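Working notes for the structure below.
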2 protein chains.
Amino acid sequence: MISNRDDLRRQLAAAGIKPTFQRTIILEAVQGRNGHPAVRDLHQRLVRDAPTLSKTTLYSTLELFARKGLIAALYIDPAEVRFDGLPGPHHHFACTACGRILDIDIACATGQCGRIHGHRIDEVHGYFKGLCRDCLAAGRVPRAPSVPRHKSPRRKSHA
Amino acid sequence: MISNRDDLRRQLAAAGIKPTFQRTIILEAVQGRNGHPAVRDLHQRLVRDAPTLSKTTLYSTLELFARKGLIAALYIDPAEVRFDGLPGPHHHFACTACGRILDIDIACATGQCGRIHGHRIDEVHGYFKGLCRDCLAAGRVPRAPSVPRHKSPRRKSHA
DNA sequence: GTATATGCAAAGAATTTGCACTATG
DNA sequence: CATAGTGCAAATTCTTTGCATATAC
């Protein structure tokens, strides 16, 4: 909580982004170590501070942040995009019992090299699935059997 | 093409799945090395053999196959689930220019261990993003800037 | 004042669900 | 006939798009 709003506004300005009130609190929410929120989560959390905040603004702002490298979008949960305040390259762990997505402070060495089989590597994405420490201890079991599903998109999307 | 329909039916039976005509041709299509098809691709391709084949059947069948371990679902493309005939654990490469998803015959050593930070690892997922060899040679550039998007889902989905 | 940001409402699309029909033994 | 598989149609909901309004420099 030391990093106040002014700090965030500075971050935005440094990225060439006009630091509006909405953008400031959105960045704050994604960077705050509150897991890896989806748009739905962010909206629920932020309407308290900004009652008129729309999902449209959330979508466009988060896309902007991702494009500028301030945050990263995670496609681990097939049901919705999750966002990551990313300090640097790292992996993730998705618990099939509690549904949380945790940061894993390792980066696969394999991906470090800039080229594999002749392909130029720009991004490395890695995540694990299983039961987190807490759920193991509590004896919880996976909810949905590890059978993936997706959601419904649009036309663009190619990333 | 050597592995005929009887072979596929045997695979299905071995997995405890009743080998209907639809299931047979669906498995054939996913295993056939035609990239990593989405439901849309499979439907377009298979209606030629089975004009009444519905997307509903595709969805339920693919989920069944994934649950039984015959195939794997890939969530790399935020716009739609892709399916993989999977021979074993491997990574993937998504080209941001041509949109193809290629198999990468490596498996991150980090993920092999059954436990990380106390979490039990059941699945390891890794993929790279960049420009594939062909697109590099052809001088093609990324389509959408590496800004992710998703699609629209349902309520379940937790895997 | 002009460009940019925000937001409401409506559209778009992958995926799911309900139910009726068909096939199999 | 009873069980399981298939498919049409309707529903669901994330994400996008089109303006209209509000804000910022």
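Computed from a predicted model, the values in this text were never measured in an experiment. As a basis for the values below, the full set of heavy atoms in this structure was taken, side chains included, without hydrogen atoms, waters or symmetry mates.
- Under a 4.0 Å N-O distance rule, the pair B:Arg40/B:Asp77 does not qualify as a salt bridge.
- The OH atom of B:Tyr59 sits 17 Å away from the P atom of D:dT12 (whole-angstrom rounding).
- In this structure, B:Phe65 places its CZ atom 11 Å from P of D:dG5, rounding to the nearest Å.
- In this structure, B:Leu64 atom CG and D:dG5 atom P are separated by 8 Å, rounded to whole Å.
- Set against C:dA14, D:dG7, C:dC8, the side chain of A:Ser54 has C:dC8 as its closest nucleotide.
- Checking the phosphate oxygens (OP1, OP2) of D:dT13, no side-chain nitrogen or oxygen of A:Arg40 falls inside 4.0 Å.
- Electrostatic pairing of A:Asp84 and A:Arg82 does not count as a salt bridge here, judged by no charged N lying under 4.0 Å from a carboxylate O.
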> Would A:His125 and A:Leu74 satisfy side-chain contact (heavy atoms from CB on, under 4.5 Å), going step by step from the backbone distance to the final call?
Replying inline: CA-CA 9 Å; A:His125 297 263; A:Leu74 304 180; 5.8 Å; no
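- Between the C1' atom of C:dT6 and the CD1 atom of A:Ile25 lies a distance of 12 Å, rounded to the nearest Å.
- Checking the phosphate oxygens (OP1, OP2) of D:dT23, no side-chain nitrogen or oxygen of A:Gln22 falls inside 4.0 Å.
- In this structure, A:Leu62 atom CG and C:dA5 atom P are separated by 15 Å, rounded to whole Å.
- Ranking D:dT15, D:dG5, C:dT15 by closeness to the B:Arg23 side chain, first place goes to D:dG5.
- Between B:His43 atom NE2 and D:dC8 atom C1' the separation is 11 Å, expressed in whole Å.
- Between the CG atom of A:Leu53 and the P atom of D:dA22 there is a distance of 17 Å, given to the nearest Å.
- You'll find that the side chain of B:Thr56 is closest to D:dA9, out of C:dG7, D:dT15, D:dA9.
- Out of D:dG7, D:dC14, C:dC8, the shortest distance to the side chain of A:Thr52 is found at C:dC8.
- At the heavy-atom level, B:Lys55 lies nowhere under 4.0 Å from the strands shown.
- Going from atom CG of B:Asp41 over to atom P of C:dT15 covers 11 Å, rounded to whole Å.
- Between the side chain of B:Arg23 and the backbone N or O of B:Lys18, at least one donor-acceptor pair lies under 3.5 Å.
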> How far apart are the C-alpha atoms of B:Tyr127 and B:Ile104, what are their side-chain angles, what is the distance that settles it, and do they pass the side-chain contact (heavy atoms from CB on, under 4.5 Å) test?
Replying inline: CA-CA 8 Å; B:Tyr127 72 96; B:Ile104 296 289; over 6 Å; no
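- Between B:Lys18 and B:Ala50, the residue whose closest nucleotide on DNA chain D is further toward the 5' end is B:Lys18.
- Relative to the side chain of B:Thr57, the nucleotides C:dA14, C:dG7, D:dG7 differ in distance, and D:dG7 lies closest.
- Listed pair A:Thr20 / C:dA5 fails the phosphate criterion, with no side-chain N or O lying under 4.0 Å from OP1 or OP2.
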